[in-house]
Amino acid sequence: MTVLQLALPTPLRRLFDYLPPADLGSEQLASLAPGQRLRVPFGRRELVGVLVAVRDGSDLPAEQLKPALALLDSAPVLAPDILRLCHWAADYYQHPVGEVFAAALPRHLRLGKARETGSIKAWQLSLRGKGLPAGALARSPKQAQALAALQGAAAVSAADLQQAGISTAVLRALQDKGLIERCLMAPAQHSASARAGLTLNEDQAAALGNIAKSGHGFACHLLEGVTGSGKTEVYLQLIAQCLQRARQALVLVPEIGLGPQTLARFAARFDAEIVVLHSGLAEGQRYRDWEAAAAGRAQIVIGTRSAIFTPLARLGLVVVDEEHDASYKQQDGFRYSARDLAVKRAQLADCPVVLGSATPSLESLHNALEGRYQHHRLPRRAGSAQLPALQALDVRHLPLEASLSEPLAARIEATLGSGQQVLLFLNRRGFAPSLQCHDCGWVAECNACDARLTVHLRQRRLRCHHCEASRPLPRACPECHSHQLLTSGVGTEQAEAHLRERFARWPVHRVDSDSMSNKGAMQTLSEEVNRGQPCILLGTQMLTKGHHFPGVTLVAVLDADGLLFSADFRGEERMAQLLTQVAGRAGRADNPGTVILQTHHPDHPALQSLLQLSYAEQARQLLQQRRELGLPPSGHLLMLRTDATNAEAGEQFLATLRQAFERAPVAQCQLIGPLPSPMPRRQGRYRSQLLVLAQVRPAARAAACRLVSLAEGLPRNSGLNWSIDVDPSET
Ligand code: ADP
Ligand code: ZN
Ligand code: ZN
């Protein structure tokens, strides 16, 4: 009995057995291969599953097996290396395997639609046509011309024939004589070429040379290069070498880093088919690009996180730019790290992977220092530009206007006055982070979250930044009807208003997700700024990614304190990365510029190490601390999270889980919790968590397996969800 084992998109952590579809011929049955899709009955629904294995029998009695409804593909839609990547990820992240497969498929295929490989309608000679003696059609010159056109090639596309002036009527006439027939041909595959790159400096040349020297097989490289050191130039030249070997390159970029600047640089360098996969694409386009990558036609595939699952017929190189970036981690559902999967992917494809960053994650740095990754450093900026210097500005006792102290305002004025540009960083959008009643103390809070509402003055609304909730800005206090409503704290909208007033002679550009929501807004702005006229750029995190502003010579962080105090053990690492990235946007050869950090805590140790050490030195110190505490990357974390409509249900569930786990504990594992999550209520749901810290990777893996199987066996109230997060990025 032939049994098909399928991965189905359900939350169940198992595979499902089906019989082959009733109408399947023996030839089709014999050629079934993992990666083909089938439509199957599932309860009262129909699902599209992916074939994982063909077996000779099932653990279930035969009468319980249902036949699949239809085989949807004549060949696998997922290549063997993607299948293996999915199995590995399902196991490593302890996520339901069917959902992993679903995440790897484009929506078009997930929905069970027919594959569109982009084949082109064409004509070819029939067997009879091929055997025709020369000059046979002398009396009909048009048919002879058509025949001649088909004689040199295996097939010629209908479009090309039309171009050559051969009409459909002529082709039909030949078809009627049995001399030619219709066929499909694969779209043309163009060869790729690269224009000459820049002449590399010594560090770049060494990095490129050493990466190339380690061969075309699997190797993991960390390219640690300060901002502007020319990492991208190294990627481009590695990609050129990869294309020369007729292989494809896969380049991952962070979500907001996918700037038009990056794309323009690739397009200018390569004469090749480049596809860009990101969530903003129309579904049809995204699917066509996916097929072009799978078929090997697209030579360069650039994409955000989920692009790591794109099949590439001839993968030869994987690049992860800004590898420390938080957007590589999927934060809900299937919680994977695209950076970590990129390493696995390269291993399965037996090709090199390059992780690049000015501020490498401690995980990657750890691997490099332990010798698992090859480490290449670019300690200097390309060209002769210097990195700007960092200074703390003690704002205690200084009057602040919209977060701006007078000494800073004077520096801004002087910079603008001398024709240069200023970049101000404030990681909080909106007008003010909270609204309070001066008479009774009422504070505007979200009804669904444990969070204050942000004042958006221009929209005249209060908005929650943790859920979609929003309401009109009240004119009076809902408790005491007082009109004395005061905002506290400063967001970008307020800072912008103040800057416009104070520096009225110069343009002020605000860069945050509110002001940059229009497509192309960021590109227009960056072109405008890079024309070089003096101006002020004011923005959030958005300003720190993928953009260079060489005309900026003064950078200021308006509220460095907001970054200093974080409950997360990664807080200091993140702060150092963020500030180094902000600082790195600025400066050019003749004027490297200055970075000023406004703070009330000039002596805070984290701030001090930021001022005194390079990121590279600071990261090594942090790594030492993590080692002493047994925290990642020395130790390994897992997090079980719950969310429920009931305030106690989650912690009860996790407490029971912990008890069950401790009846046969896994060695070298420490459990912490259950505890309420850092923001206990969000979107109306109460959240709690149980953390596991394991000293070694195998212990983490064993604990993950056991916790998941225990959790699956526990009864739970309706309305309670649980999930596991392996290597959580937020604790
Ligand atoms: P990164 O990716 O490290 O931030 P980029 O590759 O974007 O650095 O390079 C920063 C700037 O230096 C760019 O304007 C780039 O054109 C220039 N650059 C890079 N490498 C060289 C080089 N070898 N010679 C001259 N300019 C270079
Ligand atoms: Zn009041
Ligand atoms: Zn909310």
Side-chain angles (χ1 to χ4, degrees), residues 196-208 223-239 251 253-254 257 259 261-266 268-269 319-324 354-360 376-387 435-454 461-471 474-486 526 530 544-551 580-581 583-589 615 679-685 687:
L198 300 172
T199 306
L200 298 182
N201 65 32
E202 212 174 297
D203 298 323
Q204 286 172 312
L208 185 79
L223 182 59
E224 181 181 14
V226 298
T227 43
S229 59
K231 294 182 291 298
T232 310
E233 186 58 35
V234 174
Y235 306 150
L236 292 173
Q237 300 204 15
L238 283 168
I239 293 168
V251 181
V253 292
Q261 285 176 331
T262 317
L263 291 186
R265 230 166 134 185
F266 275 81
R269 178 66 55 90
V319 172
V320 184
D321 189 23
E322 307 291 0
E323 65 86 31
H324 67 281
V354 179
L355 311 178
S357 176
T359 53
H376 315 273
R377 295 185 66 179
L378 308 177
R380 278 170 290 272
R381 282 196 165 181
S384 54
Q386 295 286 304
L387 282 166
L435 182 73
Q436 195 172 5
C437 172
H438 189 53
D439 288 333
C440 77
W442 167 84
V443 173
E445 285 175 340
C446 179
N447 291 333
C449 308
D450 290 324
R452 297 183 166 192
L453 293 171
T454 301
R461 291 191 84 75
L462 290 170
R463 279 168 53 188
C464 174
H465 286 184
H466 306 283
C467 72
E468 297 298 303
S470 108
R471 59 175 112 125
R475 290 172 195 282
C477 171
E479 300 285 328
C480 75
H481 308 292
S482 157
H483 285 262
Q484 293 289 316
L485 293 180
L486 305 179
S526 101
N530 282 331
T544 66
K545 299 192 182 175
H547 299 278
H548 264 284
F549 302 108
T580 307
Q581 294 283 348
R585 302 296 122 199
R588 59 184 165 210
Y615 177 81
M679 182 190 295
R681 194 173 53 115
R682 185 169 185 157
Q683 278 187 289
R685 299 186 65 86
R687 306 165 337 131

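Just follow the structure's listing: the first ligand is 1, and inside any ligand the first atom is 1. Position 1 is the first residue of the sequence, and the numbers go up from there.
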Angle, SG of C449 through the Zn ion (ligand 3) to SG of C467 - 10° precision: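 Angle SG(C467)-the Zn ion (ligand 3)-SG(C449): 110°, rounded to 10°.
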
Show me which atoms of ligand 1 lie under 4.0 Å from any heavy atom of [X].
{"X": "N201", "answer": "23 (N)"}
{"X": "T199", "answer": "22 (C), 23 (N), 24 (N)"}
{"X": "K231", "answer": "1 (P), 2 (O), 3 (O), 4 (O), 6 (O), 8 (O)"}
{"X": "G230", "answer": "1 (P), 3 (O), 5 (P), 6 (O), 8 (O), 9 (O), 19 (C)"}

Could an N or O of ligand 1 be found under 3.5 Å from any N or O of G228, whether backbone or side chain?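 Among all N and O atoms of G228, at least one is under 3.5 Å from an N or O of ligand 1.
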
Interatomic distance, R685 atom CZ to C449 atom SG [nearest 0.5 angstrom]: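 Interatomic distance, R685 CZ to C449 SG, rounded to 0.5 Å: 12.5 Å.
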
Measuring from atom 13 (C) of ligand 1, which candidate in R265, Q204, E322, E233 has the nearest non-hydrogen atom?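 Of the listed residues, R265 has the closest heavy atom.
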
Please report the closest heavy-atom contact between [X] and [Y], naming both atoms and the distance.
{"X": "G584", "Y": "T227", "result": "CA-OG1, 3.0 Å"}
{"X": "E479", "Y": "C440", "result": "CB-SG, 3.9 Å"}
{"X": "A207", "Y": "L223", "result": "CB-CD1, 4.0 Å"}
{"X": "E233", "Y": "L198", "result": "OE2-N, 3.1 Å"}

So does [Y] get a backbone contact from the side chain of [X], meaning a donor-acceptor N/O pair under 3.5 Å?
{"X": "Y615", "Y": "V226", "answer": "no"}
{"X": "Q204", "Y": "G230", "answer": "yes"}
{"X": "R687", "Y": "M679", "answer": "yes"}

Contact list for residues 441-450, test salt bridge (charged side-chain N to carboxylate O under 4.0 Å, His left out), sequence neighbours left out: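 Of all non-adjacent pairs touching residues 441-450, those that pass salt bridge (charged side-chain N to carboxylate O under 4.0 Å, His left out) are D450-R681.
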
Is G225 in contact with ligand 1, taking contact as a heavy-atom separation below 4.0 Å? no

I'd like to know whether ligand 1 has R381 as a neighbour, heavy-atom separation below 4.0 Å.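 So R381 does not count as touching ligand 1.
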
Has H465 got an N, O or S atom lying less than 2.8 Å from the Zn ion (ligand 3)?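 For H465, the answer is no, given that no N, O or S atom comes within less than 2.8 Å of the Zn ion (ligand 3).
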
Listing residue and atom name, which protein N/O/S atoms are closer to the Zn ion (ligand 2) than 2.8 Å? C437 SG, C440 SG, C477 SG, C480 SG

Do K231 and E322 meet the salt-bridge criterion of a basic N to acidic O distance under 4.0 Å?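 Judged by the 4.0 Å cut-off on N to carboxylate O distance, E322 and K231 do not form a salt bridge.
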
Can you confirm whether R452 is buried at CZ, in the sense that more than 12 heavy atoms of other residues, nucleotides or ligands lie under 6.0 Å from that atom? no

